[in-house]
Amino acid sequence: MSKEVETMMIDAGHRNDLGHPLDYRELNRLIREAICAGEERLVLMNVIGQRYIASATSNPNTRIEIHGTPGNDLGAFLNGGTIEVFGNAQDVTANTMNDGMIIVHGNSGDITGLAARGGTLLVKGNSGYRVGIHIKEFEGVGVKLVIGGFVNDYLGEYMAGGTILILGQGVEDSPVGLHVGAGMHGGRIYVRGPVEKHQLGPGACLAEMNDKDFKTVDTLIDQYEKAFSVEIDRSIEYSKIIPLDSRPFRGHYDSTTI
Amino acid sequence: MKPIVTIPEKYRPTIDHEACIRCKKCIKACSYGALEFKDDKVKVAKGCVACVRCVFECPTDAIIVNELPKQFAPHAVFSPEIRRSLISQANSGGVLLSSCGANAEYMDIFNDILLDAAQVTNPSIDPLREPVETKTYLGRRPGKVVVDDNGKIDLDASETPIVIMDMPIMIGHISLGSISYNAQAALFRAATQLNILAGTGEGGLHNDFYPMAKNLCAEVASGRFGVTSHYLKEVSCVDIKIGQGAKPGHGGHLPGEKVQKLISETRMIPLGTDALSPYPHHDIYSIEDLQQLISVLKESTEYKVPVGVKIAAVHNVGAIASGIVRAGADFLTIDGLRGGTGSAPRVIRDHAGMPIEIAVSAVDQRLEQEGLRDKVTLCASGSIRTAADMIKCIALGADVVGVCTSAMIAMGCTVCQQCHRGACSWGIATQKPELTSRLDIEIATQRIVNMFHAWNEELKEILGAMGIDSVESLVGNRDRLRYIGPNPRIAEILDVKHSGEGWG
Ligand code: SF4
Ligand code: SF4
């Protein structure tokens with residue numbers, strides 16, 4: 001017997017006397033209060049650029065559906081629960097996410113997933129510059145970022161752990177930009193499509209896919225297909241990018257007592 | 001060809017073999033392998049750094065550590081330090097690392113400033129007889145006093161949270177990783193006992209320290225290590241670290257050797273990997289971006305704690321500070337050139353930034369001119385060594401001073417500048433269990449408490465002598481300072497009169 005989960009709706013586009021939509025502070029306060037009062041399913045309608053939505057949400061049972069365009073820092077410090085955006089997300093989505101899930105049925109902007117260390121982020125379309133910078137993992141748990149289309153430069157810069165998968169749908173050439181994995185010292189990046197050596201930043205290298213990699217990629221694609229009801233051709237060749245060393249500054253410093 | 005040239009030794013312990021009872025305590029004490037036991041005697045090997053742990057351990061006072069003659073022909077331009085560094089770089093090809101604060105002969109402006117005292121026309125206050133208030137408030141101010149309908153001051157009028165401290169002192173951000181568990185525990189306990197704040201540094205917060213969170217300020221740096229929503233909600237304030245006085249513009253780098261179990265758990269990174277903090281925050285390339293991080297931290301902490309920003313004192317510090325206050329920071333920390341570090345490239349440590357005396361005065365004046373000064377708490381740090389420095393710094397414009405090195409000295413640190421090597425013989429800047437166990441948390445706590453208690457008493461003495469009954473009235477009170485140094489232009493920039501100039 002499945003429990004009936006009530007849905008609470010918030011109209012984020014509701015205009016006040018001055019014709020302004022709901023302020024982000026007001027919207028976030030309403031969300032927090034609803035979660036605090038035990039609401040598990042929230043639907044935000046007509047979201048129009050309000051920032052910091054659902055930041056620091058922790059309850060794993062919370063489900064927030066967003067219709068419209070959420071502003072920057074969606075789901076920052078997220079520690080549990082699911083956020084699903086029916087539209088595009090803007091910059092710094094999933095900033096320092098620790099756990100939980102964010103699904104974007106559109107594109108996401110720059111710096112997606114900055115410094116995240118857990119949870120999953122699925123973006124149906126493309127993403128911007130500096131995606132997955134300094135993401136991490138700890139004790140076998142790391143963040144997973146899946147981008148359906150292409151991303152721009154500096155993918156996975158300073159990456160310390162975690163997994164990135166770029167599916168490259170709709171892209172003929174390489175679906176990633178330049179300086180991929182600059183300063184990378186942990187984790188792995190899978191790109192469905194070609195990546196050339198000149199696209200890599202210092203500290204990163206190309207490596208062969210092994211069975212474990214294919215398993216990881218398959219699981220992530222399963223999740224992506226399910227989230228967006230699409231089918232991904234898995235026969236395209238993958239490029240795998242890993243760090244050269246877990247200590248990129250080895251030999252860079254001289255600690256002699258002067 | 002032998003490419004490595006040895007650099008002459010700098011220090012040398014001398015053993016008084018008559019007094020020596022051959023207990024070998026000094027050999028165990030030396031974490032740098034500079035002492036050995038041979039032919040039934042304590043003998044000196046190479047590598048002494050003058051940490052003087054052996055002197056402390058020796059039960060018969062049989063050891064003296066001497067600074068050796070420079071071993072280089074004198075030259076007025078190429079100092080021995082310069083020659084040593086060039087030899088080392090020719091050996092290694094590496095960026096020279098160092099620790100502690102700048103070890104260069106920049107003018108110490110604090111020493112060029114004299115305090116005023118009350119005589120005849122305004123009576124001094126005896127702090128033993130009359131209360132002198134040192135309570136300090138950290139957070140955004142409403143900038144005005146709100147009086148309710150009954151004529152009472154409405155203390156809840158400020159929308160933003162305030163942290164109340166018993167002294168205008170905050171123990172600066174020193175991360176677990178750069179220092180040991182015991183050292184951080186002592187700093188935090190001391191802060192709790194003194195009812196002041198201590199910074200967590202950027203490594204997150206160890207589980208054991210959560211009970212002290214009400215006296216802690218969490219640091220959110222570019223690496224975001226250990227930063228979780230839970231952590232942010234537990235502490236009493238949050239500080240965004242943009243920069244550090246010892247290494248403006250540089251990131252953080254905790255070498256893999258130091259990332260052992262305890263550190264890996266707290267920072268939430270795998271064992272043995274380098275903990276790297278990128279040079280900038282990659283979500284902050286402008287004041288507008290900074291405003292976003294401030295706002296998202298306020299949202300994430302439900303507006304219950306002040307959110308501040310810490311920057312290194314750099315040449316355009318006034319304008320940057322103004323932007324930071326406008327971006328919504330509740331407190332602002334300026335860290336001066338001589339501030340400490342557990343590890344920094346020597347070239348940055350010694351050459352980049354500006355002294356805190358000038359920076360704090362410049363920021364105070366700039367914020368005042370723009371009508372922003374009353375809105376924000378201004379913290380200043382970077383070699384606040386003594387109560388005298390603290391008092392001068394407050395009179396130059398700071399509400400609160402941040403102190404690190406002096407608190408470490410209270411625990412035992414001898415400022416030997418070896419922190420970056422991770423073998424601190426005093427058990428402070430190290431993660432090696434055999435060394436960290438040397439630091440007794442209770443004793444270290446008590447010593448820090450004693451020192452800051454004494455500073456606060458000295459502060460009251462000076463306030464009383466000036467005829468001021470509350471430290472808040474000293475903030476930015478530059479009229480009570482006079483400059484006595486060699487460069488009157490500095491006095492002008494500090495907005496401090498020259499010694500000998502009165503009020504009229
Ligand atoms: S303990 Fe310190 S001072 Fe003593 S010999 Fe070793 S390095 Fe030198
Ligand atoms: S913390 Fe230790 S290594 Fe660093 S300066 Fe002090 S005594 Fe030396």
Side-chain angles (χ1 to χ4, degrees), chain A residues 24-25 28-29 32 51-58 71-74 76-80 91-92 95-99 110-111 114-118 129-130 133-134 136-142 154 157-158 160-161 183 185-186 243 245-258, chain B residues 7 10 32 47 49 81 84-85 87-89 91-98 220 222-225 227-230 232-233 251 253 255-256 264-265 267-270 272-278 281-283 289 292-293 295-303 343 345-346 416-418 420-421:
Chain A
Y24 76 83
R25 283 182 68 155
N28 287 317
R29 191 179 58 76
R32 276 197 298 271
R51 291 174 175 177
Y52 326 119
I53 292 178
S55 51
T57 299
S58 295
N72 294 350
D73 272 301
L74 168 71
F77 305 105
L78 189 71
N79 198 28
D91 294 346
V92 227
N95 187 353
T96 323
M97 172 166 68
N98 197 51
D99 203 351
D110 293 346
I111 349 170
L114 175 75
R117 71 174 77 79
Y129 289 83
R130 294 177 265 146
I133 287 195
H134 211 280
K136 307 175 182 71
E137 69 187 44
F138 177 60
E139 295 194 327
V141 181
Y154 298 105
E157 188 183 48
Y158 262 80
H185 50 289
D245 193 343
S246 67
R247 314 223 14 216
F249 282 98
R250 207 191 290 274
H252 181 68
Y253 291 116
D254 175 353
S255 48
T256 311
T257 305
I258 303 301
Chain B
I7 301 174
K10 254 183 132 172
Y32 299 96
V49 300
E81 264 63 40
R84 292 168 68 89
S85 63
I87 296 171
S88 192
Q89 286 193 311
N91 282 340
S92 67
V95 171
L96 293 170
L97 268 193
S98 189
V220 174
S222 63
R224 309 281 157 89
F225 291 111
V227 177
T228 61
S229 54
H230 172 63
L232 295 173
K233 284 176 184 166
H253 174 216
S264 119
E265 282 168 10
R267 296 211 173 196
M268 304 165 99
I269 50 167
T273 56
D274 282 355
L276 304 175
S277 297
H281 287 249
H282 280 291
D283 51 347
D289 289 348
Q292 282 183 52
L293 187 60
S295 302
V296 77
L297 286 167
K298 288 187 176 180
E299 280 291 340
S300 300
T301 52
E302 299 174 25
Y303 300 90
S343 172
R346 183 174 282 267
C416 70
Q417 302 183 58
Q418 304 301 318
H420 59 289
R421 290 172 66 188

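These numbers come from a predicted model, not from an experiment. Here is the naming used below: chain letters follow the sequence lines, and residue numbers restart at 1 for every chain.
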Item to check | Closest-packed option against chain A by number of heavy-atom pairs under 4.5 Å, given B/Pro345, B/Gly223, B/Ser222 | outcome: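 Maximum pair count with chain A is reached by B/Gly223.
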
Checklist entry - With respect to chain A, which residue among B/Leu293, B/Leu232, B/Thr301 yields the maximal number of heavy-atom pairs within a distance under 4.5 Å? => result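 The residue among B/Leu293, B/Leu232, B/Thr301 with the greatest pair count is B/Leu232.
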
Checklist entry - Which one, A/Glu139, A/Arg117, A/His252, A/His185, leads in non-hydrogen pairs under 4.5 Å with chain B? => result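 Result: the option with the highest number of such pairs is A/Arg117.
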
Item to check | B/His281, part contacting chain A, at a heavy-atom distance under 4.5 Å | outcome: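 Interface part for B/His281: neither.
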
Item to check | B/Ile7, part contacting chain A, at a heavy-atom distance under 4.5 Å | outcome: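 When you check distances to chain A, only side chain atoms of B/Ile7 fall under 4.5 Å.
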
Checklist entry - Does a side-chain heavy-atom distance below 4.5 Å link B/Met268 with B/Thr228? => result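 B/Met268 reaches B/Thr228 side chain to side chain.
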
Next on the checklist: Can you give me the closest heavy-atom contact between A/Thr257 and B/Arg421, atom names plus distance?
Outcome noted: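 In this case the closest contact between A/Thr257 and B/Arg421 is OG1-NH1, 3.0 Å.
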
Checklist entry - Which heavy atom of B/Arg224 sits nearest a heavy atom of A/Ala115, and at what distance? => result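 The pair with the smallest heavy-atom distance is CG-CB, 3.6 Å.
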
Item to check | Face-on cation placement of B/Lys233 at A/Phe77 ring, 6.0 Å and 45° thresholds | outcome: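 Checked: cation-pi criterion not met.
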
Under 4.5 Å from a heavy atom of chain B, the part of [X] involved:
{"X": "A/Tyr158", "value": "side chain"}
{"X": "A/Asp99", "value": "neither"}
{"X": "A/Arg247", "value": "both"}
{"X": "A/Tyr24", "value": "both"}
{"X": "A/Ser255", "value": "both"}

Checklist entry - Rounded to the nearest 0.5 Å, how far apart are CG of B/Asp283 and OG1 of A/Thr96? => result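 So the gap between those two atoms works out to 7.0 Å.
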
